[in-house]
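Structure first, then comments.
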Amino acid sequence: MSRSVLPTCFEISHPGRRGADVPALDVPVREGLLPEEMRDAPPALPELSEVEVVRHYTALTRRNHGVDNGFYPLGSCTMKYNPRMNEEAAAWFGDLHPLADARDVQGALHLCHDLQRALCEVTGMDAMTLQPAAGAHGELTGLMLIRAYHRHNGELAQRRKILVPDSAHGTNPASAVMAGFEVVEVPSAPDGGVDIEALHGLAGPDTAALMLTNPNTLGLFDTRIETIAEIVHGAGGLLYYDGANLNAVMGIVRPGDTGFDVVHLNLHKTFSTPHGGGGPGAGPVGCKARLAPFLPTPVVVKTETGYALDSDRPLSIGKVKAFYGNFGVCVKAYAYILSLGGKGLREASEAAVLNANYIMHRLRDTYEIRFHRPCMHEFVLSTENIPGLTATDVAKGLIDRGIHPPTIYFPLIVHEAMMVEPTESEAPETLDAFCEAMLELAGEPPEKLAAYPQTTPVGRPDQTLAARKPKVVG
């Protein structure tokens, strides 16, 4: 099957073709330019009509996949549809200057202050910063709070270890190392949660914190979370909540009520900013009162005369992001929370959990499900029980059916893993179409599977070569 390669603007250029008229120069020409400042020839820009330019870029957009044009069940990333109303709300603040005096941006500071309070309410935290730029940046910020807390208590020299479950997101151990800690892996129990006996043996006077996602990357809620918190706190450590999976429990369970001391949130996953495409994101960090003095500065505070940015925090870890974070993303989150309210946030989580369990139930007799208990907003299945079928085969076959593949080969503790997250915004018909595609692929012969994908400009590249010598094809 021939694969079409989209030509570049330069390749379809024709001399003299124009899409617009440029007005005559109406300002004086600068005299006295040095020879090295002058071009030898005009820039070699493509010459196209307006309709050619529009068609070219429209054709490029059709080669992208996103929630606007298809199902996007990418596990652990919450690629859900986000209301366009919230994009418009963020645009209202587009003219604000980041260096404006606080007296001139009282509305923006009011919004930040209210958003902090709302996020504290959702997470059960006492204080919040909106500065971090994204999830991993939030992780690093939270770990810096933990580091500052132990240093202030004179225990940093001995508390050098961060406990991380073997099912954790890869950014967890990476962030811990960046914060100057050592990483200790905690194994999973047979039910997919933290192995309590192993945790008892690992937690001790050298423990700074345990990083935990709940529900975890397997899509399972660890019902022993209060016991886990008791073990870590009993050893003098802190409990850190990776908020990547908050979309499963917002409005239902507050991390702060189950023993967590620090939490980061992914506003670009859970609270209405489109995920992917390089950003922007936002990773607010919340904490309990005993850690609040260490939050980054400036802190948005409410005073008798209005709202202000407070930098007089002697114990603060300092600024972690220029100005005050990605403000536009915060506006979208604020609009999302206000439009849904507490009841709506809970319903969103409930729908996400229902959708995931529906798909899991339909596929569990064909694909291998390692953990036989209800999942949360996502779940992990495997092709290991189907001879000749790999997760890659399924992923490539889904592309030809107009469906973005789920996350494959992660988490690493499940062989041939596929992590599916349908989110709350998908209709039953979409879920059924996905299930039918998955069931169909499971029954196809190996030679047919090996030919997928056939509808894309590029088929199956040599993955090792592609990683070492990437070549982007238009």
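No side-chain heavy atom of Y240 sits under 4.5 Å from any side-chain heavy atom of I162. Put simply, the side chain of T423 does not reach to within 4.5 Å of the side chain of M79, judged on heavy atoms. Between T392 and Y409 the shortest side-chain heavy-atom distance falls below 4.5 Å. Between V263 and V285 the shortest side-chain heavy-atom distance does not fall below 4.5 Å. Considering only heavy atoms from C-beta on, S425 stays 4.5 Å or farther from N82 through its side chain. For the pair P165 and N216, the minimum side-chain heavy-atom distance is 4.5 Å or more. For the pair I413/L218, a side-chain contact is recorded, criterion being any heavy-atom separation below 4.5 Å from C-beta on. Counting heavy atoms from C-beta outward, T129 and P284 have side chains that stay 4.5 Å or more apart.
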Legend entry - CA sep, side-chain torsions, deciding dist, call: L238, L291, side chain to side chain contact (heavy atoms under 4.5 Å, CB included): CA-CA 10 Å; L238 298 174; L291 289 150; 4.0 Å; yes
Inset, instruction - List the steps, then state whether side chain to side chain contact (heavy atoms under 4.5 Å, CB included) holds for L115 with H113. - result: CA-CA 5 Å; L115 177 59; H113 188 265; over 6 Å; no
Inset, instruction - Check the pair C77, L74 against side chain to side chain contact (heavy atoms under 4.5 Å, CB included), reporting the backbone distance first and the verdict last. - result: CA-CA 6 Å; C77 280; L74 195 66; 4.1 Å; yes
Inset, instruction - Could you walk me through whether I317 and T141 pass side chain to side chain contact (heavy atoms under 4.5 Å, CB included), step by step? - result: CA-CA 9 Å; I317 62 172; T141 301; 4.1 Å; yes
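In K302, the NZ atom is not crowded: 12 or fewer heavy atoms of neighbouring residues, nucleotides or ligands sit closer than 6.0 Å. Counted within 6.0 Å of CZ on R103, heavy atoms from surrounding residues, nucleotides or ligands total 12 or fewer; the atom is thus considered open. Heavy-atom contacts from other residues, nucleotides or ligands closer than 6.0 Å to CG of D95 number 12 or fewer.
Taking a cutoff of 4.0 Å between a charged side-chain nitrogen and a carboxylate oxygen, K161 and D206 qualify as a salt bridge. The pair R224-D191 counts as a salt bridge, with a side-chain nitrogen and a carboxylate oxygen less than 4.0 angstrom apart.
For the salt bridge (Lys or Arg N to Asp or Glu O under 4.0 Å) condition, the pairs that include at least one residue of residues 347-356, sequence neighbours left out, are K343-E347, R346-E350. For residues 135-176, every residue pair satisfying the ring-ring contact (aromatic ring centres under 6.0 Å, His included) rule, not counting sequence neighbours, is listed here: H152-F294.
A donor-acceptor pair under 3.5 Å is formed between the side chain of Y367 and the backbone N or O of M438. A distance-only check finds a donor-acceptor pair linking the side chain of H268 to the backbone of A282 [under 3.5 Å]. With hydrogens and angles ignored, the 3.5 Å screen pairs no side-chain donor or acceptor of N355 with any backbone N or O of P422. Between the side chain of R401 and the main chain of G397, a donor-acceptor pair closer than 3.5 Å is present. Side chain of E421 to backbone of T78: a donor-acceptor contact under 3.5 angstrom is found. Without hydrogens or angle criteria, T297 side chain to V299 main chain gives no donor-acceptor distance under 3.5 Å. The backbone N or O of E368 lies less than 3.5 Å from a partner atom in the side chain of N385, making a donor-acceptor pair. Without hydrogens or angle criteria, K332 side chain to E88 main chain gives no donor-acceptor distance under 3.5 Å. Remark: the backbone N or O of G328 is not paired with any side-chain donor or acceptor of N326 at under 3.5 angstrom. For the pair Y241 (side chain) and N214 (backbone), a donor-acceptor distance under 3.5 Å is present.
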Run the side-chain donor-acceptor check on residues 116-126: report pairs under 3.5 Å with partners two or more places apart or on a different chain.
{"from": "Q116", "atom 1": "OE1", "to": "Y324", "atom 2": "OH", "distance (Å)": "2.7"}
{"from": "T123", "atom 1": "OG1", "to": "L119", "atom 2": "O", "distance (Å)": "2.7"}
{"from": "D126", "atom 1": "OD2", "to": "A289", "atom 2": "N", "distance (Å)": "2.8"}

Quick one: side chains of residues 175-188, donor-acceptor pairs under 3.5 Å with protein atoms, not counting sequence neighbours, listed by atom name and distance.
{"from": "S175", "atom 1": "OG", "to": "E139", "atom 2": "OE1", "distance (Å)": "2.8"}
{"from": "S175", "atom 1": "OG", "to": "T171", "atom 2": "O", "distance (Å)": "2.9"}
{"from": "S188", "atom 1": "OG", "to": "D166", "atom 2": "OD1", "distance (Å)": "2.5"}

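Outside the 6.0 Å centre-distance limit, the rings of H404 and F71 are not counted as a close aromatic pair. Taking the centre of each ring, F93 and F327 come in below the 6.0 Å mark.
One distance of note links CG of L338 with CG of L111; it measures 8.0 Å at 0.5 Å rounding. One distance of note links CG of D101 with CD of Q106; it measures 9.0 Å at 0.5 Å rounding. Separation of atoms CG (L140) and CG (L145) is listed at 10.0 Å; rounding is to 0.5 Å. Considering OH of Y358 and SG of C435, their distance stands at 6.0 Å, rounded to 0.5 Å. In this structure, the separation between CG on L354 and NE2 on H377 is 14.5 Å, given to the nearest 0.5 Å. Rounded to the nearest 0.5 Å, atoms CE (M128) and SG (C287) are 8.0 Å apart.
Side-chain contact, D114 with H110: a donor N or O sits under 3.5 Å from an acceptor N or O. Between the side chains of T273 and Y336, no donor-acceptor pair of N or O atoms lies under 3.5 Å. Side-chain contact of N172 with D242: a donor-acceptor pair under 3.5 Å is present, judged by distance alone. A donor atom on one side chain and an acceptor atom on the other are not found under 3.5 Å apart for D104 and H97.
Applying the side-chain contact (heavy atoms from CB on, under 4.5 Å) test to H415 and every residue at least two apart in sequence or in another chain returns E384. Listed by chain and number, the residues in a salt bridge (Lys or Arg N to Asp or Glu O under 4.0 Å) with E226 amount to none (sequence neighbours excluded). Taking R364 as the reference, H372 meet the side chain to side chain donor-acceptor pair (under 3.5 Å) condition, with sequence neighbours excluded. Residues passing the salt bridge (Lys or Arg N to Asp or Glu O under 4.0 Å) test with E230: none are found, sequence neighbours excluded. The salt bridge (Lys or Arg N to Asp or Glu O under 4.0 Å) search around R84 returns D68, not counting sequence neighbours. Scored by the salt bridge (Lys or Arg N to Asp or Glu O under 4.0 Å) test, D310 finds R313 as partners (sequence neighbours excluded). T390 meets the side chain to side chain donor-acceptor pair (under 3.5 Å) test with D393; sequence neighbours excluded. Under the side chain to side chain donor-acceptor pair (under 3.5 Å) criterion, N247 pairs with K80, E424, not counting sequence neighbours.
When all heavy atoms of M418 and A391 are compared, the closest pair comes out as CG-CB, 3.8 Å. For V380 against T217, the heavy-atom pair with the smallest separation is CG2-O, 3.9 Å.
Residue M376 forms a side chain to side chain contact (heavy atoms under 4.5 Å, CB included) with just one option from V249, N245, L220, and that option is V249.
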